[in-house]
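Okay, so here's the structure we're looking at.
Since we're looking at a predicted model, the values are computed, not measured.
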Amino acid sequence: MKRAVLVGEKQMQVEEEARPAIKASELLVEIEVCGICGSDLHIYGGNHPVLKPPVRMGHEFAGKVVEVGADVRNFQLGDYVAAIPGVGCGKCEPCQAGDFNLCRELKVIGGHHPGAFANFTAVPEGNLVKLPPNFSATYGAMVESVAVAVHAARRMKSVEGKKIAVLGAGPIGLLIIQVLKAFGAKLVVASDPIASRREIASKLGADIVIDPMKENVEERIQEEVGGIGLDAAFDVAGLELTLRQALSITKNGGEIVITALFGKDPVFPMKMLQRAEKTLLGTQMYVKQDFEIAIQLMQENKIGINEMITHRFDLDHISEAFKLATSGAHDVGKIVIDVKK
């Protein structure tokens, strides 16, 4: 079979290797579609905090079960599935509580374990979810990304009736906007310097869109919602600037949810957090319930997927896909790899 391997910083190549042999608790999945994630780009660029080349990436995937381990009970040949990429130790307190994302020994499929930029990959039974029969492979591959947005939104105490900003309207930011609206947010503000992203954000539910290169974000929000500030802000850009903006535009007692990987540790005025009793919330992946909610929202047509996907490549051209994804081109949104093509 073919598998794409990151052999060095920004060096992706497609190799021939043997089809994986599965353990008794695993299934072999024939991959149909796999998305390129922001964390993949951090790995590719050599600035991921943990994972370094060589890496067999790919964790946003959907495909068909073609082999079933002897101990597998809940799946069968022919099932269409998506992956929950996080693999906890299974023994610690968080894992026992279902919070594998908080496991100190957390590993990921597509990072520590071989991923899905390949014709086939082996996956533990507990890391798969069945897809509804009406889902396309592309929809199935996007379930993981939607689960990221669901988990981020669920980090807030409550969303319904709240006024919230999303700073950064890339793929995850666009999904967070939609999830917030689906959860009943009263007002969602989107800020992004790229016009095409702002346009999509508006189409997908953002009530106000801001160009931070031409407008003062703090002043515009004060004009729109008044001086008290927003209930919450999501930093999906991972910049010191956006973190400071999030602190500035939220009201006293507000919440700031960090959903981006920061390339460098930010410096910010602690008094803005402390004296206003704001809450700074981290997010780490998701839990299984987030996938269940994500699939439900997608079934109810509350999440737009097709509007976000701008480019598709086959596996043989994955190197070009990553070069485009990191090019900074303004017309680039979500990129997916059609593995089975």
Can you tell me if [X] uses its side chain to pair, donor with acceptor, with the backbone of [Y] under 3.5 Å?
X	Y	answer
Glu125	Asn74	yes
Glu60	Ser145	no
Arg198	Ala190	no
Ser248	Gln245	no
Thr121	Pro114	yes
Glu30	Val65	no
His317	Glu320	no

Atom [atom1] in [X], atom [atom2] in [Y]: separation rounded to 0.5 Å?
X	Y	atom1	atom2	result
Glu255	Met156	CD	CE	5.0 Å
Thr283	Ile172	OG1	CD1	9.5 Å
Met308	Gln178	CE	CD	6.5 Å
Asp235	Arg244	CG	CZ	12.5 Å
Ile164	Ile177	CD1	CD1	11.0 Å
Leu204	Glu199	CG	CD	10.5 Å

[X], [atom1]: over 12 other non-hydrogen atoms inside 6.0 angstrom:
X	atom1	result
Leu241	CG	yes
Gln274	CD	no
Lys52	NZ	yes
Lys107	NZ	yes

Check the pair Glu240 / Val267 against side-chain contact (heavy atoms from CB on, under 4.5 Å), numbers first and verdict last.
CA-CA 7 Å; Glu240 183 175 312; Val267 177; 3.9 Å; yes
Please work out whether the ring planes of Phe322 and Tyr44 are parallel, tilted or perpendicular, with thresholds of 30° and 60°.
tilted
Parallel, tilted or perpendicular, judged at 30° and 60°: which one describes the rings of His311 and Phe313?
parallel
With clusters defined by side-chain heavy atoms of hydrophobic residues (ILVMFWY) lying less than 4.5 Å apart, directly or transitively, does [Y] cluster with [X]?
X	Y	value
Met1	Leu28	yes
Val159	Val148	yes
Val166	Leu243	no
Leu247	Leu280	yes
Val5	Ile36	no

Indicate yes or no: at least one non-hydrogen side-chain atom of [X] is less than 4.5 angstrom from one of [Y].
X	Y	answer
Asp40	Cys37	yes
Arg56	Arg3	yes
His112	Val50	yes
Met285	His59	no
Asp331	Thr310	no
Glu32	Tyr80	yes
Val123	Val81	no
Lys162	Ser158	yes

After noting the C-alpha distance and the side-chain angles of Tyr139 and Ile303, does the key distance pass the side-chain contact (heavy atoms from CB on, under 4.5 Å) rule?
CA-CA 10 Å; Tyr139 258 62; Ile303 306 294; over 6 Å; no
Passing candidate, side-chain contact (heavy atoms from CB on, under 4.5 Å) with Phe234, options Ile256, Leu180, Ile258:
Leu180
Picking from Asn216, Leu230, Ile208, what satisfies side-chain contact (heavy atoms from CB on, under 4.5 Å) with Ile221?
Leu230
For the student: nearest non-hydrogen atoms of [X] and [Y], plus distance:
X	Y	value
Gly253	Lys278	N-CG, 4.2 Å
Pro132	Ile295	CG-CG2, 3.7 Å
Val14	Leu315	CG2-O, 3.4 Å
Leu131	Gly140	CD1-CA, 3.6 Å
Pro124	Ile109	CD-CD1, 4.3 Å
Gly86	Asn127	O-ND2, 2.7 Å

What I want to find out is whether [X] reaches [Y] closely enough, with some N-O distance under 4.0 Å, to be called a salt bridge.
X	Y	answer
Lys23	Asp71	no
Arg197	Asp192	yes
Lys163	Glu224	no

Lys91 vs Cys89, test: side-chain contact (heavy atoms from CB on, under 4.5 Å). Steps then yes/no.
CA-CA 6 Å; Lys91 300 175 183 178; Cys89 71; 4.2 Å; yes
Residues two or more places apart in sequence or in another chain: which of them pass salt bridge (charged side-chain N to carboxylate O under 4.0 Å, His left out) with Lys64?
none
Relative to Phe75, does Lys130 satisfy both conditions: NZ or CZ under 6.0 angstrom from the six-membered ring centre, and within 45 degrees of the ring's axis?
yes
Would you check, one step at a time, whether the test side-chain contact (heavy atoms from CB on, under 4.5 Å) holds for Lys181 with Asp207?
CA-CA 10 Å; Lys181 296 297 284 189; Asp207 301 288; 2.9 Å; yes
